[in-house]
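Both backbone and side-chain heavy atoms feed into the values below; hydrogens, waters and symmetry mates do not. Keep in mind that this is a model prediction, so the values were computed, not measured.
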Amino acid sequence: MSANFLSELTGSFSQPSAENPTVAMVEAAYRHHGLDWRYINCEVAPEDLGAAVRGARAMGWVGFNCSIPHKVAVIEHLDGLGESARIIGAVNTVVRRGDCYEGENTDGRGFVESLASVLDLQGKTVVLLGAGGAARAVAVELALAGVAHLRVVNRDPGRGQELAQLVNDKTQASADFVPWNRTFVVPKGTDLLVNATSIGLYPNVDACPDIDLDSLAASMVVADAIPNPPRTALIRAAEARGCTVLDGLGMLVNQGRIAIRYWTGVEVDAQVMRERLMQVLGVTP
């Protein structure tokens, strides 16, 4: 008998996990490229993360994603980190290399790649809302991609100052921190505004970051890292003011495409992944 009924396994560990559409786009890519691989979306509580990683090792998983709340905590369960994950201090993609599980971070790279079609980042000025795991990944990758200055706006001063200092210490870009204790006015001359908070994420689809929407200039690019829904309140407001906008689907698709390349070695079709995401999220092209 020549048939092989043993699929290669990948997946995701997060909590909550039911609203994460990554499985749909990754399995669409696997099918499109004829790969006998599976992606299993797993609900994993923080206290069970170590057991989940041990289980993946025992079952021979090729790799897995980590989402909220595991992107930092997973590091202690791994055998090493890639360069960007080490700088960022967070992991969203784990890759099996030989007998070792190593952490990478594809969030920021996925975001930067999605920006390529609308903005040349060299020398640009960026305002970043948030300082959590996704924001750290975006900040580091934007800095490595050549932005000149990055302003971190966050409600927690400790995390915000830490992220600004990380950019200053580890990259060629400069950064500063602004406490988010009132409605934030986006400074004139800002080239790119990025929402890397969870504000606007399903089910709170009408929530919008506390910024002065009239400070958005038509010359700005406004990007939201939230994929569900793609057309957040911020994206809609920026579009109404003439801004170039970038929804969170681009970041989600590209970080997934990079992760699949780590696992399989195959450069998959991003459009197939995006179309499947739009289908499952009920988004009209």
*Asks:* For residues Gln15 and Pro69, determine if any side-chain heavy atom of one lies less than 4.5 Å from a side-chain heavy atom of the other.
*Replies:*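 Of all side-chain heavy-atom pairs linking Pro69 with Gln15, at least one is under 4.5 Å.
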*Asks:* Assess, by modelled atom type and distance only, whether the side chains of Asn92 and Thr106 contain a donor and an acceptor separated by less than 3.5 Å.
*Replies:*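 A donor-acceptor contact under 3.5 Å links the two side chains.
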*Asks:* Minimum heavy-atom separation for Pro21 and Val280, please, with both atom names.
*Replies:*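 It is CB-CG2, 4.4 Å.
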*Asks:* With a cut-off of 6.0 Å (strictly less than), are more than 12 heavy atoms of other residues, nucleotides or ligands near CD1 of Ile68?
*Replies:*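 No, the 6.0 Å shell around CD1 holds no more than 12 heavy atoms from other groups.
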*Asks:* If you look at every heavy atom in Ser117 and Ser114, which pair is closest and at what distance?
*Replies:*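 Residues Ser117 and Ser114, closest heavy atoms: OG-O, 3.7 Å.
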*Asks:* Sequence neighbours left out, what passes side chain to side chain donor-acceptor pair (under 3.5 Å) with Arg38? Give chain and number order.
*Replies:*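 Residues passing side chain to side chain donor-acceptor pair (under 3.5 Å) with Arg38: Glu27.
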*Asks:* Sequence neighbours left out, cut at 3.5 Å: what donor-acceptor pairs do the side chains of residues 43-50 make with other protein atoms?
*Replies:*
unit_1, atom_1, unit_2, atom_2, d
Glu43, OE1, Ser17, N, 2.9
Glu43, OE1, Ser17, OG, 2.7

*Asks:* Distance only, no hydrogens: is a donor on one side chain within 3.5 Å (strictly under) of an acceptor on the other, for Glu275 and Gln279?
*Replies:*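 No, no side-chain donor-acceptor pair sits under 3.5 Å.
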*Asks:* Would you say the side chain of Cys208 lies within less than 4.5 Å of the side chain of Leu213, judging by non-hydrogen atoms?
*Replies:*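 Side-chain contact under 4.5 Å: yes.
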*Asks:* Check the pair Arg276, His32 against side-chain contact (heavy atoms from CB on, under 4.5 Å), reporting the backbone distance first and the verdict last.
*Replies:* CA-CA 11 Å; Arg276 180 57 178 152; His32 179 77; over 6 Å; no
*Asks:* Linking I/L/V/M/F/W/Y whenever any side-chain heavy atoms sit under 4.5 Å apart, do Leu115 and Val222 land together?
*Replies:*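 No: no chain of side-chain contacts under 4.5 Å links Leu115 to Val222.
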*Asks:* What pair of heavy atoms forms the shortest contact from Asn20 to Ser12, and how long is it?
*Replies:*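 Nearest heavy atoms, Asn20 then Ser12: ND2-OG, 3.9 Å.
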*Asks:* CD of Glu141 to CG of Asn105: how many Å apart, nearest 0.5 Å?
*Replies:*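 Taking CD in Glu141 and CG in Asn105, the distance rounds to 7.0 Å.
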*Asks:* Determine, using the 4.5 Å side-chain heavy-atom cutoff (strictly less than), whether Val23 and Phe13 are members of one ILVMFWY cluster.
*Replies:*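 Val23 and Phe13: separate clusters.
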*Asks:* Evaluate whether atom CD of Gln172 has more than 12 neighbouring non-hydrogen atoms of other residues, nucleotides or ligands under 6.0 angstrom away.
*Replies:*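 12 or below, so no.
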*Asks:* Using the rule given for salt bridge (Lys or Arg N to Asp or Glu O under 4.0 Å), can you reason through Arg136 versus Asp107, listing the C-alpha separation, both sets of side-chain angles and the distance that settles it, and then say yes or no?
*Replies:* CA-CA 9 Å; Arg136 289 174 70 90; Asp107 278 337; over 6 Å; no
*Asks:* Is any side-chain heavy atom of Ile226 closer than 4.5 Å to a side-chain heavy atom of Tyr202?
*Replies:*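 Sidechains of Tyr202 and Ile226: no contact.
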*Asks:* With a 4.5 Å cut-off on side-chain heavy atoms, are Val94 and Val53 touching?
*Replies:*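 Sidechains of Val94 and Val53: no contact.
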*Asks:* Using every non-hydrogen atom in the two residues, find where Arg57 and Asp99 come nearest and quote the distance to one decimal.
*Replies:*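 Heavy-atom minimum between the residues: NH1-O, 3.9 Å.
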*Asks:* Of all the heavy-atom pairs spanning Ala196 and Leu128, show the shortest one and how long it is.
*Replies:*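 Nearest heavy atoms, Ala196 then Leu128: CB-CD1, 3.8 Å.
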*Asks:* What's the spacing between Ile211 CD1 and Asn195 CG if we round to 0.5 Å?
*Replies:*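 Going from the CD1 atom of Ile211 to the CG atom of Asn195 covers 8.0 Å.
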